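Small disclaimer: the values here were computed from a predicted structure and weren't measured. These values consider heavy atoms only, across backbone and side chains, with no hydrogens, waters or symmetry-generated copies.
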Amino acid sequence: MPATSWVVFAAGALLGWRFGRSALVVALVVLFVAERTLAVLAPAGGPAAGQARVVFTALALLVPLDLAGIAWLAERGIGVWALGLLAAEPLAVALLVRPELAGVAAAALERGAWTPLSGPVLLAFVLALAATAACFVLRRTIIQSSFVWAVAATLLAFAAGGGGTAASLYLAAAGLVLVVSLIETSHRMAYLDELTGLPGRRALDEALGRLGGDYAIAMVDIDHFKRFNDAHGHDVGDQLLRKLGAALEDIGGGGRAHRYGGEEFAVLFPGGSVGEALPHLEAFRKAIERSTFTLRGGNRPAKKPKHPRPSGGRRRLAVTVSIGVAEPRGDGALPDDVIRTADEALYRAKNSGRNRTSTAG
C-alpha cells in the first residue's frame with residue numbers, strides 16, 4: 001500500500017506543478033504527509049500510545065480544515081502566508097506531544113469522543129464539508145467538486161482508525177480524486193471552448209479524423225459581427241456568441257456544433273448528406289432571423305434577480321447568420337477539403353446578401 005500512495009501523490013504533484021495548480025499540489029502534500037504519519041503511528045503501543053492518539057486527533061482536526069482552506073484559495077493560488085501556516089502545523093503538533101503537554105492536549109482534543117473521532121474532530125469535518133460544498137456552489141468547477149469528495153474520503157480514513165490499509169486506501173483515494181479532477185479540467189480546457197461551452201477546434205480536428213462514409217459539414221458565420229463588436233463592445237459580442245452557441249446545440253438532424261474560431265462555427269452531420277442537413281440548417285437560420293438580441297444595460301446585476309425588470313426599454317437588435325454546407329466529393333475527399341468547400345459556399349452566401357444558406361457549387 002505505501003507504493004500506491006507514493007505513486008498517486010507523486011504523479012499528482014508532478015501534474016499539478018506542470019499545469020500550474022499550486023493549490024492542488026499543496027493539498028496532495030497535506031494528504032501524503034497525513035497518510036505517511038498515520039502509517040508510522042499505526043503500530044504505536046505502550047507509553048507511546050497516548051502521544052500517538054494526540055497526533056492522530058490533531059491530524060484529524062487539521063487536515064479537513066486545511067483542505068477546505070486550500071479549496072477556497074485554489075482559484076488565486078497559494079500565497080506565502082498560507083504556506084507558512086501549513087508549515088507551522090507540524091511544529092504545533094510536535095509541541096503538543098511533549099510529555100508536559102500531552103495530557104492536557106489529549107483531554108482537550110478527545111473531549112466528547114464517542115467514536116474513533118472526537119467531538120472537535122467531527123465538528124471540523126462538518127465545517128470542512130460545508131465550506132468545500134459552498135465553494136463548489138459558488139464556482140461550479142471540477143476541481144472545487146473534487147475537494148468535497150477529498151474531504152469525505154479523508155473522513156473515512158480517520159473514521160477507520162487512522163492506521164493500516166483502510167486509512168491508506170481512503171487517503172490515496174482522496175488524492176486520486178484531486179488528480180482526476182486536474183486531468184478532467186485540463187481536458188476540458190483543451191477540447192471545450194470556454195466562452196460558448198461547445199467543443200473547440202481541437203475537438204473538431206479529432207472528430208474530422210474519425211469521420212467516414214457519408215457526412216456533411218456546415219460553416220456558420222454571424223453577419224456583420226465585426227461591426228457589431230465595434231458598435232457595442234466585446235462583452236456584448238461575447239453574449240451574442242454564447243447565444244448562438246446555445247442555439248446551435250439544439251440544431252437537430254444529428255448535427256454536432258463546434259466553435260471554429262472568432263464568429264464562425266462548424267456543424268458536423270455524421271452519416272448525413274447536404275440534402276438531409278439543409279432543413280435543419282434553414283430552420284436554425286430562420287429562428288435566428290426571427291429572434292432579437294437584447295442589449296443588457298451597464299447596471300445589470302451580476303446575478304439574475306428573482307423578479308427581473310421588464311426589458312421593454314432596452315434596445316433590441318436583429319441578428320442574422322450565413323451558412324455554407326458541403327459534403328465529400330468522391331471517395332478520396334479529405335475532411336479539410338470538405339471544410340474548404342463549405343467555407344467557399346459560406347462566402348457565396350455572404351456575397352449574395354447574407355442571411356442565407358448556400359451549398360457547394
Practice task
List, by chain and number, the other hydrophobic cluster members for Y170, where Ile, Leu, Val, Met, Phe, Trp and Tyr join if side-chain heavy atoms come within less than 4.5 Å, directly or indirectly.
Solution key: L156

Practice task
Taking side-chain contact (heavy atoms from CB on, under 4.5 Å) as the test, write out the residues that go with P279, two or more places apart.
Solution key: none

Exercise for the section: Check whether any side-chain heavy atom of M219 lies under 4.5 Å from a side-chain heavy atom of E264, and answer yes or no. Expected result: yes

Practice task
Could you tell me whether the side chains of E35 and S168 share a donor-acceptor contact shorter than 3.5 Å?
Solution key: yes

Problem - Set of salt bridge (Lys or Arg N to Asp or Glu O under 4.0 Å) partners for D337, sequence neighbours left out - result: R340

Exercise for the section: With sequence neighbours excluded, tell me which residues meet ring-ring contact (aromatic ring centres under 6.0 Å, His included) with F9. Expected result: F32

Problem - Rounded distance [0.5 Å steps], CG in L59 versus CG in L38 - result: 5.5 Å

Problem - Non-hydrogen side-chain atoms of L31 and L67 separated by less than 4.5 Å - result: yes

Handout entry: Qualifying salt bridge (charged side-chain N to carboxylate O under 4.0 Å, His left out) pairs with a residue from residues 212-236, counting only residues at least two apart or across chains
Key = D221-K350, D223-K350, K226-D230

Exercise for the section: Only counting residues at least two apart or in another chain, list the ones meeting side-chain hydrogen bond (donor to acceptor under 3.5 Å, both in side chains) with S146. Expected result: S181

Handout entry: Qualifying residues under side-chain contact (heavy atoms from CB on, under 4.5 Å), relative to L15, sequence neighbours excluded
Key = F19, V179, L182, I183

Practice task
Tell me who clusters with L192, hydrophobic residues only, linked when side chains sit under 4.5 Å apart either directly or through other members.
Solution key: none

Practice task
Output all residues satisfying side-chain contact (heavy atoms from CB on, under 4.5 Å) with A152, sequence neighbours left out; order by chain, then residue number.
Solution key: L129

Practice task
Determine, step by step, whether F284 and H280 satisfy the ring pair (Phe, Tyr, Trp, His ring centres under 6.0 Å) criterion, reporting the C-alpha distance in whole Å, the side-chain angles of both residues, the deciding distance to 0.1 Å, and the verdict.
Solution key: CA-CA 6 Å; F284 166 77; H280 303 284; over 10 Å; no

Completion exercise
Sequence neighbours excluded, the answer for salt bridge (Lys or Arg N to Asp or Glu O under 4.0 Å) partners of E282 is R285

Handout entry: L317 side chain near H232 side chain, heavy-atom distance below 4.5 Å
Key = yes

Problem - Atom CZ of R256: over 12 foreign heavy atoms under 6.0 Å - result: no

Problem - Residues in side-chain hydrogen bond (donor to acceptor under 3.5 Å, both in side chains) contact with R188, at least two apart in sequence or another chain - result: none

Handout entry: With V338 via side-chain contact (heavy atoms from CB on, under 4.5 Å) - residues at least two apart
Key = Y215, I217, A326, P328

Exercise for the section: Please indicate whether R202 has more than 12 foreign heavy atoms, meaning atoms of other residues, nucleotides or ligands, lying under 6.0 Å from its CZ. Expected result: no

